[in-house]
Amino acid sequence: MEIGDGTLAVGAGRPAAENFAPGLPGPVFAAHYHLAGEASGPFTYGRDSNPTWTLLERAIGELEGGAEVVSFSSGMAAVAAVLLSQVTSGDVVVLPDDCYQVTRSLKGRLESYGAVVRMAPTAGDAQIGALDGARLVWIESPSNPGLDVCDIARVAEAAHAAGALVAVDNTLATPLGQRPLELGADFSVASDTKALTGHGDLLLGHVATRDPALADGIRLWRKTVGAVPGPMEAWLAHRSLATLQLRLDRQAANAMALAEALRGRVPGLRYPGLPDDPGHEAAVRQMRRFGCVVSFTLPDEEAAETFLGSLRLVMQATSFGSVHSSAERRGRWGGDAVEPGFIRFSVGIEDTADLVADVLQALEKTA
Ligand SMILES: *Cc1c(COP(=O)(O)O)cnc(C)c1O
């Protein structure tokens, strides 16, 4: 039976009905389990397996359109699990040169292990030009923070033809925004710290794949480096999934309204949902929701700081995807190719009119 995204999200990963059991069992806190005789699963030791992770992994697997999922203690734990477990000395890796900067910072680590790292931009599917002899291609679309979009199916097909594995960082879109595995990727990877859990109160990540051997490799990596999620975080994440469709729809509608209100008022406005955005055509083909991040560039650092300081409803913070709107001057971190006045704005679930009015009044203060 085909079900809608709201039905999918609210029921994802919940165990079969059992009298007197809760709909969603609480977190299981255990370093070890009773284990007499044969040392076999499902639950042996807390770094290997935990029933609260299992339910969350099942839930995310359903959202990903059917996949094995390995959850991690953070998005970077998941990103590093794929890059460092699948790549070995002499392998060629293709990274986007505009992806999340901590992912990019793994370039040096990979090179120190003897891998060759090539960088190419997300826009224009430019990574296709760097595939010769590649073992793994990393895609991030829409990219963070520049919001460029590539044609994931096209890049994945070219990568497979070149004999490479394909991983997509799907943090910004979430599986209800875009399903990388259905577009041909071998791995869908995400920071679940962001929109998937959406409350800005925990760190988690996951790797999804339909290949059982790849899943085994990722699981073994988690066991050996110990980047395991806490049971409380896993349970909170699962609880948060029930509202995923509601949150994403409201955030996307607010983001679209904000982008439309900002059109013509700020330079460098980017939102993949805007019909005239450079990424829109590719985004429409592969995304079901365009996400909650809008970016634009104010004239300089001072204008950007005045804008941020004048917002009343918007938290000044890094990260994105929370139900609470937040914004930051991205250039304060260094490391991204952005102007000093570049603003990354994460749109929450506040009332649309209130949010737009707050942004416009803050913008007036910069005039
Ligand atoms: C935040 C982020 C990560 C890292 O996630 P953490 O949960 O902070 O470790 C990876 N990729 C993208 C695109 C992100 O935005």
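Each ligand, and each atom within it, is numbered from 1 in the order the structure gives.
- Using a 4.5 Å heavy-atom threshold, the side chains of Ser191 and His206 count as separate.
- Of the polar atoms of Gly75, at least one N or O is found under 3.5 Å from an N or O of ligand 1, judged by distance alone.
- In terms of protein heavy-atom proximity, atom 9 (O) of ligand 1 is nearest to Met76 N, 2.8 Å.
- At least one side-chain heavy atom of Arg104 sits under 4.5 Å from a side-chain heavy atom of Cys99.
- For atom 4 (C) of ligand 1, the closest non-hydrogen atom of the protein is Tyr100 CE2, 3.4 Å.
- Scanning the protein heavy atoms around atom 7 (O) of ligand 1, the nearest turns out to be Thr193 OG1, 2.6 Å.
- With 3.5 Å as the limit, one finds no donor-acceptor pair spanning the side chains of Glu68 and Thr209.
- Here is the list of ligand 1 atoms found below 4.0 Å of a heavy atom in Thr171: 11 (N), 12 (C), 13 (C), 14 (C), 15 (O).
- In this structure, Lys194 forms a cation-pi arrangement with Tyr100, its terminal cationic atom sitting closer than 6.0 Å to the ring centre and no more than 45° off the ring axis.
- Those atoms of ligand 1 that come under 4.0 Å of a heavy atom in Ser74, given as number and element, are 7 (O), 9 (O).
- For ligand 1, the atoms sitting less than 4.0 Å from at least one non-hydrogen atom of Phe320 are 15 (O), numbered in the order shown with element in parentheses.
- Between Ser191 and ligand 1, an N or O atom pair is found at a separation short of 3.5 Å.
- Between Asn144 and ligand 1, a contact under 3.5 Å exists for at least one N or O pair.
- Of the protein's heavy atoms, Lys194 NZ, 2.7 Å lies nearest to atom 15 (O) of ligand 1.
- Taking atom 11 (N) of ligand 1 as the reference point, the nearest protein heavy-atom neighbour is Asp169 OD2, 2.7 Å.
- Ring geometry, Phe296 versus Phe307: the interplanar angle exceeds 60°, so the pair is classed perpendicular (tilted spans 30 to 60°).
- Results of the side-chain contact (heavy atoms from CB on, under 4.5 Å) test with Met256 over Thr352, Val294, Leu274 single out Leu274 as the only residue that passes.
- The six-membered or imidazole ring of Phe43 lies away from that of His32, with a centre-to-centre distance of 6.0 Å or more.
- Counting the atoms of ligand 1 from 1 in the order shown, those under 4.0 Å from a heavy atom of Glu140 are 13 (C).
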For this session: Check the pair Phe72 / Asp192 against side-chain contact (heavy atoms from CB on, under 4.5 Å), numbers first and verdict last.
Result: CA-CA 9 Å; Phe72 283 89; Asp192 300 332; over 6 Å; no

